[in-house]
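Worksheet: the structure to be examined is printed underneath.
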Amino acid sequence: VIFRWWRISLRNECREARPGELKESHEDFLDDSSLQIQIAIIFGAKVLEHVLNLCRGKFDFLERLPVPLLLYIISFLELEDVARLSQVSHRLKMVCNSNALWEGIVENLCDTITPEMRELAQETGWKQLFFTNRLQLQLQLRRRRQKHAEKEKLT
């Protein structure tokens, strides 16, 4: 664990001060309660907990995966599991609610996706399109066609 700090001052004699640095092994850091307290004060309890977990060898590999790989893995889950996974962390919530994921889900579960439906999904979002029932979808598409027809009449 490497802890660095900088001294900020308006005084001339402190301008040449170099950053401070403290290096400790994981085991030493786990035993150094004063450094842990400083990290908690400066960065917060969540950062301290994260660093302690890293020092103990508890890594969350799922959180560290690239988004395209996460999307690929999540695409095999049931919808209920996607909803549960979205509650695990902010990052997974973002991925589970992303247009990229829901576009794939809609394409896998729907027989046909018309260009008009694709445009509507780009405006409202693929997740919203997925959870819109067929009658509401038909109504939205009809309203959209009417708006486009009115615009064409005006031009």
- For the residue pair F130 and W102, does the interplanar ring angle fall in the parallel (under 30°), tilted (30 to 60°) or perpendicular (over 60°) class? tilted
Are the side chains of [X] and [Y] in touch, meaning some heavy atoms are under 4.5 Å apart?
X    : Y    : value
I105 : S75  : no
L52  : C55  : no
L62  : L85  : yes
E103 : V106 : no
V82  : L101 : yes
I73  : L65  : yes

- Query: So how far is it from M94 CE to S86 OG, rounded to the nearest 0.5 Å?
  - Reply: 12.5 Å
- Task: Calculate, to the nearest 0.5 Å, the distance between atoms CD and CD1 belonging to Q38 and I42 respectively.
- Result: 6.0 Å
- Passing option when R144 is tested against E150, E119, E116 for salt bridge (charged side-chain N to carboxylate O under 4.0 Å, His left out): E119
- Message: Test: ring-ring contact (aromatic ring centres under 6.0 Å, His included). Region: residues 73-96. Which pairs qualify, not counting sequence neighbours?
- Response: Y72-F76
- Query: Of the non-hydrogen atoms in I39 and V47, which two are nearest, and what is the gap between them?
  - Reply: CG2-CG1, 4.5 Å
Keeping [X] on the side-chain end and [Y] on the backbone end, is there a donor-acceptor pair under 3.5 Å?
X    : Y    : answer
N108 : G104 : yes
N99  : W126 : yes
N97  : K93  : yes
Q36  : F29  : yes

Could you state whether [X] and [Y] fall into the same hydrophobic cluster, counting links through intermediate Ile, Leu, Val, Met, Phe, Trp or Tyr residues with side-chain heavy atoms under 4.5 angstrom apart?
X    : Y    : answer
L54  : V1   : no
I2   : L30  : no
L48  : F43  : yes
M117 : L139 : no

- Message: For E21, is the CD atom crowded, meaning more than 12 foreign heavy atoms sit under 6.0 Å from it?
- Response: yes
- Task: For the pair R118 and E107, find out whether any cationic side-chain nitrogen is under 4.0 Å from an anionic carboxylate oxygen.
- Result: yes
